[in-house]
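Here is the structure we will look at.
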Amino acid sequence: MGEFEPTIIAFVCNWCTYTAADLAGTSRLIQPPNVRMIRMMCTGMVDPKYVIKALLEGADAVLVSGCHPGDCHYINGNLKARRRIKLLKEILPKFGFDERRLKMTWIGASEGIDFAETIRELVAEVKALGPNQARRQMVI
Amino acid sequence: MARTAAIEVTEGNPVKALQEFFRTLLERGKIEALLVARHLPVRNAVMPTLVTDPQQLAGADPLAPVFPINAAKVVSRLTRKPFEGRVAVVLRPCEIRAFIELVKLKQGRREQLIIIGMDCLGAYGNVDYLRFAAAAGDGSSATLDFIRNALEGRGTAFEDFDITTACKACEHFVAESADLSFELLGATLGEGLPLQANTPLGEALLGELGLASTREPAGRKEAVLDLLAQRTAYRDRMFAETAAATSDLDKLMSYLGHCVNCYNCRVACPVCYCRECVFTTDVFDHEPAQFLRWARKKGALKMPTDTVFYHLTRLAHMSTACVGCGQCSNACPNHVPVMELFRTIAAGTQRAFDYEAGRSVEEEPPLSTFREKEFFEVTGGKD
Ligand code: SF4
Ligand code: SF4
Ligand code: FES
């Protein structure tokens, strides 16, 4: 059996982090292929249930990344998202989901290098954590 | 200074004393109507009832040890829009706290209401209450038995059951934010039932009714602290046991294993106010092919699907507003300990936002607001 390859679901906002991801790609920065990217108009659209569903379906980590505070194209969607992630980080670990499986960060449109680095670090961290508990079993 | 009046109690029957007080409010035109738990002409059924005719107060019994629904839900319906005059609502502390949450979520209005509360001695589950009332012969005698046993130190247990787990774990048994509240704890009923005003509105009303002030009964403080100690100890044990029983996904699945996705728990929940819950919308009308894909992924798929998903989502959506009333557990046909789970998680989520559900209309619900500079730890210190 080969090395454990985690699956990471990334909810990224169209205006900042998605653009940064694009930039990382066109700049040919090396990144591990473990991320499934879901483009949202704003991190403020990431309902907690999207994160919960991803983890229950066996994603090994979820990344939510948008514009830096002050740069959100909908003014404060990212600040609302921060409260929701705070909430999830309070709830999910109670059920054995390691807090590190849920990551939030800000990556601006011009920060392609930062994007690639964030992904590399997250993949390494999740590899060390091992597979998510929901991967192994039927979730009722 | 909060003002306390003594309501005369005859024949040692506090329920009659309450009914007399309500009658005065209606007859003297202080209110248009009164919403109060009342025995229905059906055997042993007690339901919130909107009374305008003082004659109809005969069956009013807010001390009956049962509340088949959390009445905050009906008060929310009643106050959706302005109406003529003023209405008094007689609620348990957990109903008042749920209503405060609903007001903040714009699902009800505090204006035009006089909220009357009481020290809550707890309630039986709906089904247990039927047995309790049947044994006493009728609902009114059942209430008196219950109140006397509880106040005279004989406890609330009956045959093989007791008041609900939610009530045993409830530390908010005093109706602090009611305009007026009946203080049973520590009272010597022969000397009258103390009625305490907690707000200027309540004080004004006591004044208008010309009720003489009295002092708080000597034994009250101690009675309250005693019950608080019992309830808190029980609650903390419940938190520890529930946390241990749900500490990973395997355990959570056995905890929820008998859930049939009927969603009664959220229909009964006073603070789950969405008219349409996402779990009953098209979003969850999955395509047949989707079920097959899921089944193939792990070789088996339990149906109906999304049981754990439903409970986790409801925890995320409303645990910051959970008041611990226990109606979710009361409504579950399969004895899933829903309240235990929700209160345990709610304790953490409310603490995380320095919030307490039902405490005050002034405190903003955590997910209805945000600050520019806060919770930097969420983004690993990035601001
Ligand atoms: S989750 Fe249960 S205990 Fe909490 S407010 Fe809703 S019905 Fe009451
Ligand atoms: S009431 Fe009980 S069976 Fe119905 S959805 Fe809630 S936990 Fe499941
Ligand atoms: S638009 Fe990027 S976070 Fe709101």
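Note on naming: letters A, B, ... go to the chains in the order of the sequence lines (proteins, then strands), and numbering restarts at 1 for each one. Both backbone and side-chain heavy atoms feed into the values below; hydrogens, waters and symmetry mates do not.
For B:Leu228, the CG atom is densely surrounded, since the number of other residues' heavy atoms within 6.0 Å is greater than 12. Applying the 6.0 Å contact sphere to CZ of B:Arg351 captures no more than 12 heavy atoms from other residues, nucleotides or ligands. Within 6.0 Å of CD in B:Glu176 there are 12 or fewer heavy atoms belonging to other residues, nucleotides or ligands. A 6.0 Å sphere centred on CG of B:Leu292 holds more than 12 heavy atoms belonging to other residues, nucleotides or ligands.
Heavy atoms closer than 4.5 Å to chain B are found in both the backbone and the side chain of A:Lys94. Using a 4.5 Å cut-off between heavy atoms, B:Pro366 touches chain A through backbone and side chain atoms alike. For A:Glu99, no part lies under 4.5 angstrom from a heavy atom of chain B.
Side-chain contact between B:Met253 and A:Gln137 is present, with heavy atoms from C-beta onward closer than 4.5 Å. Annotation: side chain of A:Arg83 is not in contact with side chain of B:Val378 (no heavy-atom distance under 4.5 Å). The shortest side-chain heavy-atom distance between B:Leu249 and A:Leu56 falls under the 4.5 Å cut-off. Side-chain contact between A:Lys86 and B:Glu377 is present, with at least one heavy-atom pair separated by less than 4.5 Å. In this structure the side chain of A:Arg82 reaches within 4.5 angstrom of the side chain of B:Glu374, judged on heavy atoms. Annotation: side chain of A:Phe95 is not in contact with side chain of B:Asp248 (no heavy-atom distance under 4.5 Å).
With chain A as partner, the option from B:Ser247, B:Ser319, B:Ala352 having the largest number of non-hydrogen pairs under 4.5 angstrom is B:Ser247. Chosen from A:Ile91, A:Leu92, A:Asn78, A:Leu55, the residue pairing most often with chain B at heavy-atom distances under 4.5 Å is A:Ile91. Counting heavy-atom pairs under 4.5 Å between each of B:Thr344, B:Thr307, B:Thr246 and chain A puts B:Thr246 at the top.
In terms of the side chain to side chain donor-acceptor pair (under 3.5 Å) criterion, B:Arg80 has no residue partners (sequence neighbours excluded). Under the rule for a side chain to side chain donor-acceptor pair (under 3.5 Å), A:His73 has no partner lying at least two apart in sequence or in another chain.
Separation of atoms CE (A:Met138) and NZ (B:Lys297) is listed at 13.0 Å; rounding is to 0.5 Å. For the atom pair CD of B:Glu372 and CG of A:Leu79, the computed distance is 6.5 Å after rounding to the nearest 0.5 Å. Separating the CD1 atom in A:Ile52 from the CG atom in B:Asp306 is a distance of 11.5 Å, to the nearest 0.5 Å. Distance check: A:Lys80 NZ to B:Thr369 OG1 gives 9.5 Å after rounding to the nearest 0.5 Å. Note that CD1 of A:Ile85 and CZ of B:Phe375 are 13.0 Å apart. Values are rounded to the nearest 0.5 Å.
Interface residues of residues 256-271 of chain B toward chain A, defined by a heavy-atom distance below 4.5 Å and sorted by number: B:Leu256, B:Gly257.
Across every non-hydrogen atom of B:Lys298 and A:Val139, the tightest pair is NZ-CG2, 4.5 Å. Of all heavy-atom pairs spanning A:Arg136 and B:Asp250, the tightest one is NH1-OD2, 4.4 Å.
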Hey, can you pull the donor-acceptor pairs under 3.5 Å for the side chains in residues 308-318 of chain B, sequence neighbours left out?
unit_1, atom_1, unit_2, atom_2, d
B:Thr313, OG1, B:Phe309, O, 2.7
B:His317, NE2, A:Asp47, OD1, 3.3

Derivation of the side chain to side chain contact (heavy atoms under 4.5 Å, CB included) call for A:Glu57 and B:Trp294: CA-CA 9 Å; A:Glu57 282 299 312; B:Trp294 276 327; 3.4 Å; yes

